[in-house]
K.L.:
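Shown below is the structure under consideration.
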Amino acid sequence: MRGTKVLFETVDLVINPGEKVGLIGANGAGKSSLFAMLRDNLHPDAGDLGFPRTWRLAYVAQETPALERAALDYAIDGDVHLRSLEARLAELENDHGNESNEHGEELGNLHAALLDADAYTAQSRAEQLLLGLGFTLEQMSQPLTSFSGGWRMRLNLAQALMCPSDLLLLDEPTNHLDLDAILWLEDWLKRYSGTLVIISHDRDFLDGVVNTIVHIDERKLVRYSGNYSAFERQRAAKLVLAAGMMEKQMRQRAHLESFINRFKAKASKAKQAQSRVKALARMEEIAPLRAAAEFSFEFREPANAPNPLLVLDDVRAGYTIHTENEPDQQKVIVKDIQFTLQIGQRIGLLGVNGAGKSTLA
């Protein structure tokens, strides 16, 4: 429960090792609360929830500290075990007050542990992660304080992917990514060997990544095999089946009630009427299976419109930077734009974050 609201009630669910699970449900249904329970930030009011204690858990932090730490180092920090080994090694190597062989055995064990932790490929692995998420090599050496909120969330995602894990929890990981980064992340998650649970409203992304869907429905967790498209087909079939069963039960109920009302006063039929009263009482009412709330919208046809609708000729746009005691600076985001928009065209506007999509719009 959250406050007085019951999110889950008598739920049973098993997720098998290696499965890639899409967790879906309406806003407020309890997706993030379930993640919080898996992270041990919330606790169930009843029942048991857990996974093997030997499993390593990774998830995306929601806050990014304003540090002067370089982006590349911050990404590598996601591997907490590696960083703890490095810190201990540095501590021993800087301990000049002891004889050189005093910590010899521990130093040997540390170097072996660092080898097992792939310490010597950590920087290249982190660089590959950051390149995939849209960072340039130049940006990797820049401090966290130089990045906007969206780029900092990418760095938090890089930390989660950098962390060796058996269970990876991702909550809307595509929110701050452009198309190239989304496609890269989809490919990375396909190759991920652990167990993945992902919250996303991007059906194409879910179709490309997951092999199981868990749907939060009427305070239950309902499991479906396959990707999101397979879930939609199975869910639609369940709705049709449930509607048919409900209609059949309503006909049976109406028939029983009709018989009871007709013959309950007749002595010759009283026994049969009483039998049907008991059958009616035993009949378990089938609850309606409701479809997700649908919504639709449409653009009204214009009475008339010019063609072309829009012509941009040598356009540039940006914003003005105001600095105290210094002249204003013009920051150009897009320039030399030549563009004509014809009636009926459907255009996708693509570009990396900060390229000027919103400025042009």
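Counting begins at 1 with the first residue of the sequence.
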K.L.:
Does Thr212 offer a backbone N or O that forms a donor-acceptor pair with the side chain of Glu19 under 3.5 Å?
P.N.:
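No; zero donor-acceptor contacts below 3.5 Å.
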
K.L.:
Would you compute the distance between atom CG of Asp79 and atom NE2 of His81 and round it to the nearest 0.5 angstrom?
P.N.:
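Atom-to-atom, Asp79:CG and His81:NE2 are 7.5 Å apart.
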
K.L.:
Is Leu92 close to Leu110 at the side-chain level, that is, under 4.5 Å between some pair of heavy atoms?
P.N.:
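Leu110 reaches Leu92 side chain to side chain.
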
K.L.:
Please check if the number of heavy atoms outside Asn16 that lie under 6.0 Å from its CG is greater than 12.
P.N.:
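Enclosed.
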
K.L.:
For Glu138, does the CD atom sit with more than 12 other heavy atoms under 6.0 Å from it, leaving out its own atoms?
P.N.:
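Counting other residues, nucleotides and ligands, CD of Glu138 stays at 12 neighbours or fewer.
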
K.L.:
How about Val222 and Val214: do any of their side-chain heavy atoms sit closer than 4.5 Å?
P.N.:
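No; the side chains remain at least 4.5 Å from each other.
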
K.L.:
Can you name the nearest heavy-atom pair linking Thr340 to Pro308, along with the distance?
P.N.:
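Closest approach of Thr340 to Pro308, heavy atoms only: CG2-CB, 3.6 Å.
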
K.L.:
Please collect all ring-ring contact (aromatic ring centres under 6.0 Å, His included) contacts where either partner lies in residues 106-165, sequence neighbours excluded, each pair once.
P.N.:
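ring-ring contact (aromatic ring centres under 6.0 Å, His included) check on residues 106-165 returns Phe135-Phe147, Phe135-Trp151.
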
K.L.:
Under a plain distance cut-off of 3.5 Å, with no hydrogens placed, do Thr320 and Gln330 share a side-chain donor-acceptor pair?
P.N.:
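Present: a donor and an acceptor within the cut-off.
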
K.L.:
Could you pull out the closest heavy-atom pair between Arg223 and Ile15, with the gap in Å?
P.N.:
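Shortest heavy-atom contact: NH1-CA, 4.2 Å.
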
K.L.:
Students often mix this up, so state it plainly: with edges at 30° and 60°, are the rings of His215 and Tyr224 parallel, tilted or perpendicular?
P.N.:
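The arrangement is tilted - the two ring planes meet at 30° to 60°.
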
K.L.:
For Arg191, I'd like to know if atom CZ has over 12 heavy atoms of other residues, nucleotides or ligands within 6.0 Å.
P.N.:
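Yes, the 6.0 Å shell around CZ holds more than 12 heavy atoms from other groups.
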
K.L.:
Mark yes or no for whether Glu186, through its side chain, and Ile182, through its backbone, hold a donor-acceptor pair below 3.5 Å.
P.N.:
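No; judged by distance alone, with no hydrogens or angles, the pair does not exist.
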
K.L.:
Taking only residues two or more places apart in sequence, or in another chain, which ones meet Asp180 in a salt bridge (charged side-chain N to carboxylate O under 4.0 Å, His left out)?
P.N.:
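None.
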
K.L.:
Do we see a donor-acceptor contact under 3.5 Å between the side chains of Asn156 and Thr64?
P.N.:
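The criterion, which ignores hydrogens and geometry beyond distance, is satisfied for Thr64 and Asn156.
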
K.L.:
Membership question, hydrophobic clusters at under 4.5 Å side-chain separation (ILVMFWY): are Val210 and Ile216 in the same one?
P.N.:
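Not linked; separate clusters.
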
K.L.:
Walk me through whether Arg88 and Glu106 qualify under salt bridge (Lys or Arg N to Asp or Glu O under 4.0 Å).
P.N.:
CA-CA 10 Å; Arg88 179 57 180 159; Glu106 186 178 359; 2.7 Å; yes

K.L.:
What distance separates Glu232 CD from Ile24 CD1, expressed to the nearest 0.5 Å?
P.N.:
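So the gap between those two atoms works out to 8.0 Å.
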
K.L.:
Specify the closest pair of heavy atoms between Ala158 and Leu129, including all atoms of both residues, with the distance to one decimal.
P.N.:
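That closest heavy-atom pairing would be O-CD1, 3.8 Å.
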
K.L.:
Hey, are the side chains of Leu196 and Leu169 touching, using non-hydrogen atoms and a 4.5 Å cut-off?
P.N.:
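Side-chain contact under 4.5 Å: no.
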
K.L.:
With rounding to the nearest 0.5 Å, note down the distance linking CH2 in Trp55 to CG in Leu38.
P.N.:
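If we round to the nearest 0.5 Å, Trp55:CH2 and Leu38:CG are 10.5 Å apart.
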
K.L.:
Please walk me through it: do Leu82 and Ile76 pass side-chain contact (heavy atoms from CB on, under 4.5 Å)?
P.N.:
CA-CA 9 Å; Leu82 171 61; Ile76 298 173; 4.2 Å; yes

K.L.:
With a 4.5 Å heavy-atom cut-off, do Gln128 and Leu131 have their side chains touching?
P.N.:
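Of all side-chain heavy-atom pairs linking Leu131 with Gln128, at least one is under 4.5 Å.
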
K.L.:
Would you check if the side chain of Asp45 reaches a backbone N or O of Met1 as a donor-acceptor pair within less than 3.5 Å?
P.N.:
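Yes; at least one donor-acceptor contact below 3.5 Å.
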
K.L.:
Are Glu68 and Thr145 linked by a side-chain donor-acceptor pair shorter than 3.5 Å?
P.N.:
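Yes, side-chain donor-acceptor contact under 3.5 Å.
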
K.L.:
Keeping Arg69 on the side-chain end and Leu144 on the backbone end, is there a donor-acceptor pair under 3.5 Å?
P.N.:
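Checking the backbone N and O of Leu144 against the side chain of Arg69, no donor-acceptor pair under 3.5 Å is found.
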
K.L.:
What's the separation between atom CD in Glu127 and atom OG1 in Thr121, rounded to the nearest 0.5 Å?
P.N.:
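So the CD of Glu127 and the OG1 of Thr121 are separated by 11.0 Å.
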
K.L.:
Should we count CZ of Arg56 as having more than 12 external heavy atoms under 6.0 Å?
P.N.:
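More than 12 heavy atoms, drawn from other residues, nucleotides or ligands, come within 6.0 Å of this atom.
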
K.L.:
Can you give me the closest heavy-atom contact between Gln342 and Leu309, atom names plus distance?
P.N.:
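Heavy atoms only, the tightest pair is O-CD1, 4.4 Å.
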
K.L.:
Between Leu23 and Ile213, is any pair of side-chain heavy atoms under 4.5 Å apart?
P.N.:
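No. Closest side-chain heavy atoms not under 4.5 Å.
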
K.L.:
Please report the interatomic distance OG1(Thr174) to CG(Asp202), rounded to the nearest 0.5 Å.
P.N.:
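The CG atom of Asp202 is 5.0 Å from OG1 of Thr174, to the nearest 0.5 Å.
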
K.L.:
Indicate, with yes or no, if Leu360 and Val311 share a hydrophobic cluster defined by side-chain heavy-atom contacts under 4.5 Å among Ile, Leu, Val, Met, Phe, Trp and Tyr.
P.N.:
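Different clusters.
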
K.L.:
Please give me the minimum heavy-atom distance between Gly30 and Leu7, naming the atom from each residue.
P.N.:
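Smallest interatomic distance, heavy atoms only, reads CA-CD1, 4.1 Å.
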
K.L.:
Using a 3.5 Å distance criterion without hydrogens, assess whether the side chain of Lys335 forms a donor-acceptor pair with backbone atoms of Ala317.
P.N.:
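No; zero donor-acceptor contacts below 3.5 Å.
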
K.L.:
For Lys220, is there any backbone N or O sitting under 3.5 Å from a side-chain donor or acceptor partner on Asp217?
P.N.:
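No, because the side chain of Asp217 does not come within donor-acceptor range (under 3.5 Å) of the backbone of Lys220.
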
K.L.:
Could you walk me through whether Thr195 and Leu168 satisfy the side-chain contact (heavy atoms from CB on, under 4.5 Å) test, starting with their C-alpha distance in whole Å, then the side-chain angles of each, then the deciding distance to 0.1 Å, before giving a yes or no?
P.N.:
CA-CA 6 Å; Thr195 303; Leu168 177 60; over 6 Å; no

K.L.:
Main chain of Gln139, side chain of Thr136: is a donor-acceptor contact present, judged purely on distance under 3.5 Å?
P.N.:
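Between the backbone of Gln139 and the side chain of Thr136 there is a qualifying donor-acceptor contact (under 3.5 Å).
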
K.L.:
Under 3.5 Å, is there a donor-acceptor pair between the Ser200 and Tyr228 side chains?
P.N.:
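Looking only at side-chain atoms, Tyr228 and Ser200 do not form any donor-acceptor pair under 3.5 Å.
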
K.L.:
Mind checking whether Val197 and Val209 sit in one hydrophobic cluster, side chains of I, L, V, M, F, W, Y counted as touching below 4.5 Å?
P.N.:
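Different clusters: Val197 never reaches Val209 through Ile, Leu, Val, Met, Phe, Trp or Tyr contacts under 4.5 Å.
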
K.L.:
Apply side-chain contact (heavy atoms from CB on, under 4.5 Å) to residues Thr359 and Lys357 and explain how you reach the verdict.
P.N.:
CA-CA 5 Å; Thr359 299; Lys357 301 183 295 295; over 6 Å; no

K.L.:
Where is the tightest heavy-atom contact between Gly22 and Leu206, given as atom of each residue plus distance?
P.N.:
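Heavy-atom minimum between the residues: CA-CD2, 4.1 Å.
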
K.L.:
Any donor and acceptor pair, going by atom type alone, linking the side chain of Lys20 with main-chain N or O of Ile198 inside 3.5 Å?
P.N.:
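Such a contact is absent between Lys20 side chain and Ile198 backbone.
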
K.L.:
Name all pairs fulfilling the ring-ring contact (aromatic ring centres under 6.0 Å, His included) condition that reach into residues 6-49, sequence neighbours left out, sorted by first residue then second.
P.N.:
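Checked against ring-ring contact (aromatic ring centres under 6.0 Å, His included) - neighbours excluded - no pair reaches residues 6-49.
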
K.L.:
Before you tell me yes or no, could you show the steps for Ser165 and Tyr59 under side chain to side chain donor-acceptor pair (under 3.5 Å), namely the whole-Å CA-CA distance, both residues' side-chain angles and the distance that decides it to 0.1 Å?
P.N.:
CA-CA 9 Å; Ser165 61; Tyr59 57 90; over 6 Å; no

K.L.:
Between Lys5 (side chain only) and Gly28 (backbone N and O only), is there a donor and an acceptor less than 3.5 Å apart?
P.N.:
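Yes, Lys5 side chain to Gly28 backbone: donor-acceptor pair under 3.5 Å.
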
K.L.:
In this structure, would Leu157 and Ile199 fall into the same cluster of hydrophobic residues linked by side-chain contacts under 4.5 Å?
P.N.:
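They do not share one cluster, since no chain of ILVMFWY contacts under 4.5 Å joins Leu157 to Ile199.
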
K.L.:
Using atom types as modelled and distance alone, determine if a side-chain donor or acceptor of Asn211 lies under 3.5 Å from a backbone N or O of Gly226.
P.N.:
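No, Asn211 side chain to Gly226 backbone: no donor-acceptor pair under 3.5 Å.
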
K.L.:
If we only count heavy atoms from C-beta on, is the Leu114 to Glu86 side-chain gap below 4.5 Å?
P.N.:
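Yes, their side chains come closer than 4.5 Å.
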
K.L.:
Any chain of hydrophobic side-chain contacts (each under 4.5 Å) joining Leu179 to Leu177?
P.N.:
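No, Leu179 and Leu177 fall in different hydrophobic clusters.
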
K.L.:
Please check if any side-chain donor atom of Ser32 sits under 3.5 Å from a side-chain acceptor atom of Asp171, or the reverse.
P.N.:
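Side-chain D/A pair, Ser32 to Asp171: present.
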
K.L.:
Could you walk me through whether Asp166 and Leu57 pass the side-chain contact (heavy atoms from CB on, under 4.5 Å) check?
P.N.:
CA-CA 6 Å; Asp166 301 290; Leu57 175 65; over 6 Å; no

K.L.:
To the nearest 0.5 Å, tell me how far Ser33 OG sits from Leu42 CG.
P.N.:
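Nearest 0.5 Å value for the OG-CG distance: 6.0 Å.
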
